[in-house]
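Report on the following structure.
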Amino acid sequence: MTRSMPEKSKVEHPPEPPTHLGRVLLQGASWQLLAQLAPLIVNLALTPFVISHLGLVAYGLFLVTSTLTQFLAQFDGGISRSASRYFAVFAGQGDKVATTRLVVTLMCCVAVFTTFVMGLAFIFADQLVAFFHAPPDLAEDTVFLLRVLTVIVGLALARSLFFSVLNAYQKYALTCGTMLLGYVIYAVGMWSTLTHGMGLRGVAYVFIVQQVFATVTLVPAAMPMLSADGLGFVSRRELAEFFSFAWKVQVSGLLNLVGLEAVTLIVARVAPADVPVFGPGSTFAQQLRVIPLNAISPIQSVTGRAIGRDGADATVPMFSRVQRIWVVLICGWVAVGAPAAYFGVNVWLPLPGHTAGLVTATLLLAHLFKLLPELQNQWAMLMHCPEFEMRAGLITTVLVLSGSLLLAPHYGAMGVAWATVVAQFAAFCYRMSVNRKLPVQVPSPLCSIPWVASVVSAVGSFLAVGAMSWLIGQHYLPRGGLGIVLCGLAAAPVLLIYLSVTVGLRQALSVIRVKGGRG
């Protein structure tokens with residue numbers, strides 16, 4: 001399909017001249033990082049406010065409905081993520097006709113999916129809310145919020161096609177800028193509605209305004225990248241070829257989502273009192289996990305270009321150097337970040353006890369086992385072995401769900417966190433074993449772990465942030481959002497010392513040169 005669709009449609013405009021790879025990758029990663037940091041900052045500032053104004057029970061229902069609709073949004077047949085790949089090919093060839101045909105075809109597929117799956121969720125919203133033990137005084141507003149979110153998911157899936165077209169033409173400032181403004185709307189809207197006591201219904205109104213803004217901004221902006229001559233559908237053969245790729249993306253995405261998100265629903269069902277503790281901790285750990293992943297796309301691009309130019313065997317030395325630095329950075333990120341997250345989350349949230357911080361630190365440790373082999377996973381994909389990641393995702397999903405169901409009734413949120421650590425570690429062991437089966441092997445990430453520096457940094461972070469937490473607990477310094485920022489600042493010197501010892505300035509400059517590329 002990557003070749004047949006462009007060949008069948010006449011290219012009206014020649015491809016745009018290539019820009020410098022390093023600059024494009026750096027700009028794209030920078031905008032994505034800003035868009036990912038925005039919800040982190042908004043959550044730091046708003047979560048204590050939302051909890052106190054909604055109440056623990058209503059806040060727990062808000063988390064459950066959000067998680068449920070995010071889960072349903074993943075059942076799109078892999079359309080959104082797969083379309084990005086094809087739109088990029090068409091953009092490189094300047095083929096607006098093929099882009100338009102694929103957009104029109106996939107819009108129809110999304111409409112069918114939305115009508116069926118989201119329609120069922122809309123109809124049975126009352127039963128879903130009752131299943132999660134919503135009290136009678138909150139049930140009506142929770143049903144309204146759930147129905148609004150199901151409609152929004154359908155709208156967002158359709159809009160994601162135009163979002164992907166814009167990204168294919170490297171309009172990162174527009175797409176990520178729209179996301180940033182969307183978080184501003186969310187923050188202002190939540191403050192306004194909750195201050196006026198509108199509760200969960202007010203939250204639904206905020207989401208409506210946010211989504212309307214994104215739609216009227218992105219869809220018209222994508223129109224110049226489309227062509228009226230392309231109004232029509234791709235052939236059945238081409239559509240079948242698209243979905244033969246997309247279903248694999250769908251399965252991998254669902255497995256990853258279930259391993260990371262479905263546990264919130266388990267907590268809501270078997271230990272509903274722990275949802276306000278588990279939800280923020282899980283979300284914060286997930287946001288910390290995502291931040292380093294901004295480097296994956298540039299690294300994958302540079303590695304793929306090198307394989308195409310020099311061959312896989314000749315690329316192994318370069319890949320090994322990049323992987324070593326990746327592993328060192330990830331180990332430092334988790335070693336310093338887990339103790340800091342433990343103290344920081346506890347001074348951030350207005351919750352009793354220390355469970356929320358312990359959940360965050362434990363889940364960040366679990367994410368370590370997913371992050372360490374990330375470059376090896378990308379190498380396997382370049383070697384045409386996607387089945388390894390699918391199997392690892394299956395291992396994670398089975399173990400995290402079974403372990404959560406076994407432990408959550410007795411240990412609540414912490415039981416789910418422990419089950420996640422076991423599941424991710426088992427999948428990590430599998431990933432380490434499959435390297436021998438790759439057509440071209442690369443060194444194991446285990447060879448690059450700085451064990452001593454990681455342990456010393458973890459202890460240093462615990463002591464430094466623990467002292468800051470004590471000062472905050474004695475009311476010398478503020479709690480809430482400022483409190484967690486202060487905890488982060490206390491951990492920063494430890495991370496800098498770790499980086500200077502393990503990476504050094506010269507090696508860091510080497511990474512920048514590799515990332516930038518030479519062509």
Side-chain angles (χ1 to χ4, degrees), residues 22 25-26 29-30 32-33 36-37 285-303 306 315-342 361 363-380 382 421 424-425 427-429 431-432 435 441-465 488 490-517:
L25 296 180
L26 185 58
S30 300
Q32 290 173 17
L33 179 60
Q36 289 175 356
L37 287 177
Q286 172 70 359
Q287 289 169 336
L288 291 177
R289 182 189 78 91
V290 168
I291 288 175
L293 294 178
N294 287 283
I296 291 300
S297 179
I299 290 174
Q300 184 185 42
S301 298
V302 172
T303 305
T315 306
V316 170
M318 183 273 287
F319 175 85
S320 301
R321 291 194 299 272
V322 175
Q323 180 178 247
R324 175 190 171 275
I325 299 172
W326 167 263
V327 171
V328 169
L329 294 177
I330 291 303
C331 287
W333 182 251
V334 175
V336 176
Y342 167 72
L363 290 177
L364 185 57
L365 175 62
H367 295 328
L368 170 67
F369 300 118
K370 180 70 169 65
L371 288 170
L372 281 178
E374 187 62 40
L375 294 195
Q376 183 174 293
N377 297 340
Q378 299 302 323
W379 182 267
L382 292 170
V421 172
Q424 293 286 14
F425 180 72
F428 173 78
C429 293
R431 290 185 177 98
M432 294 301 96
N435 184 45
Q441 297 181 21
V442 291
S444 169
L446 290 173
C447 302
S448 302
I449 295 178
W451 299 97
V452 175
S454 298
V455 172
V456 172
S457 298
V459 173
S461 176
F462 185 88
L463 295 176
V465 185
V494 181
L495 182 60
L496 290 176
I497 294 173
Y498 170 88
L499 293 176
S500 66
V501 171
T502 56
V503 179
L505 180 59
R506 180 178 300 178
Q507 194 76 335
L509 293 175
S510 174
V511 175
I512 295 174
R513 286 195 296 270
V514 171
K515 182 177 178 180

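When a residue number appears, it is its place in the shown sequence, counting from 1. Keep in mind the model is a prediction, meaning the values are calculated, not measured.
Side-chain atoms of L372 and I449, non-hydrogen and from C-beta on, do get closer than 4.5 Å to each other. Side-chain atoms of R324 and C447, non-hydrogen and from C-beta on, never get closer than 4.5 Å to each other. Proximity of L329 to L499: side-chain heavy atoms (C-beta onward) are separated by under 4.5 Å at one or more points. Using a 4.5 Å cut-off on side-chain heavy atoms (C-beta onward), W333 and L368 make no contact. Within the 4.5 Å cutoff, side-chain heavy atoms of P317 are placed close to those of R321.
A salt bridge (charged side-chain N to carboxylate O under 4.0 Å, His left out) check over residues 444-462, counting only residues at least two apart or in different chains, returns nothing. Applying the salt bridge (charged side-chain N to carboxylate O under 4.0 Å, His left out) rule to pairs touching residues 365-374 yields K370-E374, K370-E389, sequence neighbours excluded.
Atom NE2 of H367 sits about 5.0 Å away from atom CD of Q286, to the nearest 0.5 Å. Here the CZ atom belonging to F428 is positioned 4.0 Å from the CG atom belonging to L446, to the nearest 0.5 angstrom. Distance check, rounded to the nearest 0.5 Å: OG of S444 to CD of Q376 gives 6.0 Å. In this structure, CZ on R289 lies 10.0 Å from CD1 on I330, to the nearest 0.5 angstrom. Taking CG of L371 as the start and CH2 of W326 as the end, the distance is 6.0 Å to the nearest 0.5 Å. Considering CD of Q441 and CH2 of W379, their distance stands at 11.0 Å, rounded to 0.5 Å.
Pairing each heavy atom of A366 with each of Q424, the nearest pair is O-CB, 3.4 Å. Closest heavy-atom contact between A335 and S454: CB-O, 3.4 Å. Nearest heavy-atom pair across T502 and P450 is CG2-CB, 4.2 Å.
Remark: side-chain polar atoms of Q323 are not paired, donor with acceptor, to backbone N or O of L375 under 3.5 angstrom.
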Let me have the donor-acceptor pairs involving side chains of residues 457-465, under 3.5 Å, with sequence neighbours excluded, atom names and distances please.
from : atom 1 : to   : atom 2 : distance (Å)
S457 : OG     : A453 : O      : 2.7
S461 : OG     : V336 : O      : 2.8

